[in-house]
Amino acid sequence: MKKVIVFLLFSVLCFSENIIAESKFINVGNLKIVREENIKIAKEIIDIKFLKDNKISVKTRYILENTDNRDIKETYIFSLDQYLEKTPNKYIEKIKYKIGENDVPNLRAVINFEEDGSKIQREWFGIGGKIHTGKSIVMQISYILKNIEEKELNYSFKIKNNFLENKADVLEINIDKGDKNISSITYGVYEFYENSDGTYYMNAKDVLLDGILTIKYE
């Protein structure tokens with residue numbers, strides 16, 4: 001019954017995509033879950049790579065642990081926001097969810113709303129998954145971002161308090177600048193270090209998942 005409800009929710013919110021693009025990228029979001037559950041993010045690894053043709057590869061891996069005394073079926077989603085002028089733009093492609101070694105088809109939903117006087121479109125991409133009692137799963141989400149107007153990538157960790165304590169035991173972020181020049185990388189109080197090959201990284205424990213990772217580049 002729960003699967004039917006989730007599917008109907010995604011179906012009702014979907015809009016037609018047969019429109020011409022005119023809009024502005026805001027941010028792409030970190031993983032969320034639909035209901036509050038005792039699921040812990042034991043580790044999160046984010047790999048961001050700047051490609052040619054104004055494209056950016058993003059791959060995030062999560063080790064998710066079920067800390068409850070029952071099996072948990074949950075819906076896992078992430079979002080992309082854009083300011084909506086006349087018609088939306090397409091900022092994301094090649095979305096892939098994996099649980100373990102298995103590819104999992106994802107559903108898409110779209111909502112429009114207003115915030116501080118601006119019209120915003122939010123796209124949701126999600127899958128269902130089950131974690132057995134006392135077990136963990138490895139979930140991977142990968143996609144390509146494109147057509148970002150400003151030389152600024154915003155990755156949002158502002159999520160509802162649905163995960164256990166809403167934090168990651170370990171958070172690792174790796175950034176490959178490609179042929180771009182990185183002018184700044186900011187995320188809360190955390191420092192990023194540059195490797196000898198020009199890539200950047202941070203690794204921290206007990207990270208509260210809040211705020212926005214911002215990468216400015218040229």
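Hydrogens, waters and symmetry mates are skipped; everything else that's a heavy atom, side chains included, is used. For the single chain, residues carry numbers from 1 onward in sequence order.
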Next on the checklist: Can you confirm whether I120 sits close enough to Q82 that some side-chain heavy atom of one is under 4.5 Å from a side-chain heavy atom of the other?
Outcome noted: no

Checklist entry - Cluster partners of I63, using ILVMFWY side-chain heavy atoms under 4.5 angstrom, listed by chain and number? => result V138

Checklist outcome for this item: Scanning both residues in full, the closest heavy-atom pair of Y76 with L31 reads CB-CD1, 3.7 Å

Checklist entry - Considering only heavy atoms from C-beta outward, does the side chain of E149 approach that of N89 to under 4.5 Å? => result yes

Next on the checklist: Quick check for you: to the nearest 0.5 Å, what is the distance between I95 atom CD1 and R108 atom CZ?
Outcome noted: 8.5 Å

Checklist entry - Looking at CD1 of I33 and OG1 of T75, how far apart are the two atoms once the value is rounded to the nearest 0.5 Å? => result 9.5 Å

Next on the checklist: Would S79 and K32 count as a side-chain contact (heavy atoms from CB on, under 4.5 Å) here? Give the steps.
Outcome noted: CA-CA 9 Å; S79 62; K32 303 173 174 64; 3.7 Å; yes

Next on the checklist: Give me the atom names and distance for the closest heavy-atom approach of I127 to P105.
Outcome noted: CG2-O, 3.3 Å

Item to check | Contact list for residues 129-140, test side-chain hydrogen bond (donor to acceptor under 3.5 Å, both in side chains), sequence neighbours left out | outcome: D71-H132, D71-T133

Checklist entry - By ring-ring contact (aromatic ring centres under 6.0 Å, His included), which residues pair with F113, not counting sequence neighbours? => result none

Item to check | Salt bridge D206-K167, side-chain N to carboxylate O under 4.0 Å | outcome: yes

Checklist entry - Does a side-chain heavy-atom distance below 4.5 Å link L64 with K43? => result no

Can you give the donor-acceptor pairs under 3.5 Å from side chains of residues 208-218 to other protein atoms, not counting sequence neighbours?
from: T214; atom 1: OG1; to: N154; atom 2: OD1; distance (Å): 2.8

Next on the checklist: Any side-chain to backbone donor/acceptor pair from D68 onto E37? Under 3.5 Å, distance only.
Outcome noted: no

Item to check | Qualifying residues under salt bridge (charged side-chain N to carboxylate O under 4.0 Å, His left out), relative to E150, sequence neighbours excluded | outcome: K24

Item to check | Counterpart residues, side-chain hydrogen bond (donor to acceptor under 3.5 Å, both in side chains), relative to K146 (two or more places apart) | outcome: E93

Item to check | Connected via hydrophobic side-chain network under 4.5 Å: I45 and V170 | outcome: no

Item to check | Aromatic ring proximity Y143/F78, centre distance under 6.0 Å | outcome: yes

Next on the checklist: In terms of relative ring orientation, are Y193 and Y201 parallel, tilted or perpendicular, with 30° and 60° separating the classes?
Outcome noted: tilted

Next on the checklist: Membership question, hydrophobic clusters at under 4.5 Å side-chain separation (ILVMFWY): are I175 and V189 in the same one?
Outcome noted: yes

Checklist entry - Does atom NZ of K49 have more than 12 heavy-atom neighbours, drawn from other residues, nucleotides or ligands, at distances under 6.0 Å? => result no

Checklist entry - If you round to the nearest 0.5 Å, how far is OG of S118 from CG of L84? => result 10.5 Å

Item to check | Straight-line distance of L51 CG to I144 CD1, nearest 0.5 Å | outcome: 5.5 Å

Checklist entry - Who passes side-chain hydrogen bond (donor to acceptor under 3.5 Å, both in side chains) against N195, sequence neighbours left out? => result T199

Checklist entry - Could you go step by step and tell me if Y155 and Y187 meet the ring pair (Phe, Tyr, Trp, His ring centres under 6.0 Å) rule? => result CA-CA 9 Å; Y155 186 101; Y187 177 55; 8.8 Å; no

Checklist entry - Less than 4.5 Å apart, any side-chain heavy atom of W124 and any of I111? => result yes

Next on the checklist: Quick check against the 3.5 Å criterion: does N66 have a side-chain atom that pairs as donor or acceptor with the backbone of I131?
Outcome noted: yes

Checklist entry - Is any side-chain heavy atom of R61 closer than 4.5 Å to a side-chain heavy atom of I46? => result no

Next on the checklist: Can you tell me which residue among D179, D176, I56 is in a side-chain contact (heavy atoms from CB on, under 4.5 Å) with F50?
Outcome noted: I56

Next on the checklist: For Y62, give me all partners under side-chain hydrogen bond (donor to acceptor under 3.5 Å, both in side chains), at least two apart in sequence or on another chain.
Outcome noted: N30

Item to check | Ionic contact status for E74 with R35, cut-off 4.0 Å | outcome: yes

Checklist entry - Taking the six-membered ring for Trp, are the ring centroids of Y190 and F192 within less than 6.0 Å of each other? => result no

Checklist entry - Roughly how far, to the nearest 0.5 Å, is the OG atom of S156 from the CD1 atom of I26? => result 10.5 Å

Item to check | Which residues share a salt bridge (charged side-chain N to carboxylate O under 4.0 Å, His left out) with K40, sequence neighbours left out | outcome: E65, D169

Checklist outcome for this item: residues 190-203 vs salt bridge (charged side-chain N to carboxylate O under 4.0 Å, His left out), sequence neighbours excluded, gives none

Checklist entry - Got a sec, which residues hit salt bridge (charged side-chain N to carboxylate O under 4.0 Å, His left out) with D116, two or more places apart in sequence or on another chain? => result none

Next on the checklist: Please tell me whether F125 and Y97 form a close aromatic pair, meaning their ring centres lie under 6.0 Å apart.
Outcome noted: no

Checklist entry - Is there a chain of hydrophobic side chains (I, L, V, M, F, W, Y, each step under 4.5 Å between heavy atoms) that links I182 to V58? => result yes

Item to check | Electrostatic pair D53:K55 at N-O distance under 4.0 angstrom | outcome: no

Checklist entry - Hey, does L153 have a side-chain heavy atom less than 4.5 Å from the side chain of I48? => result yes

Item to check | Within 6.0 angstrom of E114 CD, more than 12 heavy atoms from elsewhere | outcome: yes

Checklist outcome for this item: Those residues at least two apart in sequence (or on a different chain) that pass side-chain hydrogen bond (donor to acceptor under 3.5 Å, both in side chains) with N174 are D47, E172

Next on the checklist: Just verifying a value: how many Å separate K94 NZ and I92 CD1, rounded to the nearest 0.5 Å?
Outcome noted: 12.5 Å

Checklist entry - What's the shortest heavy-atom distance between I39 and F163, and which atoms? => result O-CD2, 3.5 Å

Item to check | Validation row: N147, F25 side chains within 4.5 angstrom (heavy atoms) | outcome: no

